[in-house]
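As structure tokens, the structure follows; a few thoughts come after it.
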There are 2 protein chains.
Amino acid sequence: MSNLSNTSDEILASARNLIMSGGYNGFSYADISEVVGIRKASIHHHFPSKVDLVRELVKRYREDGQASVVTLEQNVPDELDILKVYANHWAKCIEDASRPYCVCALLASELPSLPPEVATEVTNFFRFISSWLTTVMERGYKSGTLNLTSEPHVEAEAFLATVYGAMLSARAYGKPEVFSTILSPALNRLKLTVSH
Amino acid sequence: MSNLSNTSDEILASARNLIMSGGYNGFSYADISEVVGIRKASIHHHFPSKVDLVRELVKRYREDGQASVVTLEQNVPDELDILKVYANHWAKCIEDASRPYCVCALLASELPSLPPEVATEVTNFFRFISSWLTTVMERGYKSGTLNLTSEPHVEAEAFLATVYGAMLSARAYGKPEVFSTILSPALNRLKLTVSH
DNA sequence: ATCTGTCTACCTTCTAGTAGGCAGATCGTC
DNA sequence: GACGATCTGCCTACTAGAAGGTAGACAGAT
């Protein structure tokens with residue numbers, strides 16, 4: 001039956017939304033139970049403990065990201081375009097308030113107080129994004145589509161920091177448009193200035 | 001008697017450390033009571049509610065920041081140097097683990113789920129840092145000590161995002177040195193390239 | 001006959017917060 | 001200077017509710 005996976009997906013989705021707004025300690029099984037419409041005890045059937053639930057959530061979050069990256073790289077050849085699509089993805093999520101913040105950004109902020117199993121998954125997520133961005137920078141440098149001023153892995157970390165910092169600022173001011181305001185010049189700087 | 005202010009300062013200090021690691025919902029009056037060595041009920045004497053405590057904490061955090069900024073601007077004339085001192089302050093705090101994360105960055109991540117009184121103070125903190133950095137950028141542009149490629153307020157937001165994004169990455173990877181790795185090129189870009 | 005998903009009912013621990021008492025310091029008044 | 005009144009800071013003892021989690025029953029599908 002697909003009811004099983006349906007309910008457990010609903011649980012994960014509502015947990016994701018709740019974490020997105022208040023972090024690991026900002027939600028409870030009771031909160032999920034209200035959203036999904038089942039009893040607390042039934043959630044424990046799908047995810048015995050809160051650690052199990054969030055660990056699985058972050059693991060899937062990373063896997064989904066990895067799948068998206070594969071699709072993105074298949075469809076967009078130009079490296080600058082790849083970075084633009086990535087930035088625009090977040091710009092859209094923030095501006096239409098559908099996913100106004102990265103689950104792993106919030107969990108990473110709380111890292112020292114997270115259960116170790118969850119913390120490990122969160123670190124894995126950041127390592128994945130970072131190493132992916134590094135490959136994009138390297139490729140863009142070699143093929144001459146990106147204008148790098150530092151080593152690829154440094155440019156990758158700097159770009160990631162800009163995206164996540166911009167996300168935080170947008171939330172802090174309550175102004176979604178701040179994200180794009182910050183990202184535009186960052187992307188422009190990576191564009192090759194064509195000499196003509 | 002100075003006992004009063006001493007204890008209430010100790011309470012604020014321990015709350016700050018606890019929030020720095022796990023956010024608003026990541027600590028309790030019981031946690032503070034253990035650190036400070038007084039009973040839970042005694043904390044309520046100084047701060048009737050958790051909202052009162054954290055609101056005061058964030059307010060003072062901003063006021064302390066404002067005072068530091070005044071001193072900094074009095075002692076350091078060059079705008080690029082000001083930005084360097086600011087970045088180095090955080091680099092040092094992160095690397096010696098004394099204040100490995102900004103209290104307001106953590107609270108801003110949780111903003112949608114914070115009590116409104118606290119949320120307002122957190123937004124105020126970000127507005128203060130942002131408008132201060134904007135004045136630094138403007139001054140540096142006019143006096144020709146900074147190399148800006150966007151409007152001052154955009155450069156200010158971008159710099160702030162880089163600092164806070166780098167802070168997050170350092171925490172996410174568990175590698176304090178990542179902060180400086182990201183900040184160095186960001187500061188270099190703001191340096192005027194002398195034509196000779 | 002077993003497995004799956006849900007339920008009710010319950011448990012323990014933790015949460016923020018309250019009531020009220022008590023010791024010591026401070027203060028105005030005689 | 002002595003005397004009571006008030007204020008301050010802390011205490012013990014308590015509360016109601018929320019937290020994560022468990023036990024066991026039951027219906028329906030396999």
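Just so it is clear: chains get the letters A, B, ... in the order the sequence lines come, proteins before strands, and each one is counted from 1. Heavy-atom basis, side chains included; hydrogens, waters and symmetry copies ignored.
At a threshold of 4.0 Å, the pair A:D9-A:R60 counts as salt-bridged, since one of the basic side-chain nitrogens sits closer than that to a carboxylate oxygen. Remark: A:E157 does not engage B:K175 in a salt bridge, criterion side-chain N to carboxylate O under 4.0 Å. Between B:R55 and B:E121 no salt bridge is recorded (no basic side-chain N to carboxylate O distance below 4.0 Å).
Using a 4.0 Å heavy-atom criterion, one finds that A:F27 contacts the sugar-phosphate atoms exclusively.
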Please assess A:E34 against A:K40 for the test salt bridge (charged side-chain N to carboxylate O under 4.0 Å, His left out), listing each intermediate value before the final yes or no.
CA-CA 9 Å; A:E34 269 182 46; A:K40 274 196 320 164; over 6 Å; no
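Contact annotation: A:H45 does not reach the phosphate of D:dG21 (side-chain N/O to OP1 or OP2, under 4.0 Å). Distances shown here put every side-chain N or O of A:S28 at or beyond 4.0 Å from the OP1 or OP2 atom of D:dA18. Remark: B:H44 is not in phosphate contact with C:dA19, judged by side-chain N or O atoms under 4.0 Å from OP1 or OP2. Proximity of A:T7 to the phosphate of C:dT6: a side-chain N or O atom is located under 4.0 Å from OP1 or OP2.
Between its two ends, the helix from C:dT13-D:dA18 to C:dC30-D:dG1 turns its axis by 10°, counting five pairs per end and rounding to 10 degrees.
Distances from the side chain of B:Y29 to the nucleotides C:dA19, C:dA16, D:dG21 place C:dA16 closest.
Mapping B:K40 and B:G37 onto DNA chain D by nearest heavy atom places B:G37 closer to the 5' end of the strand.
A:I38 has its CD1 atom 15 Å from the P atom of D:dG21, to the nearest Å.
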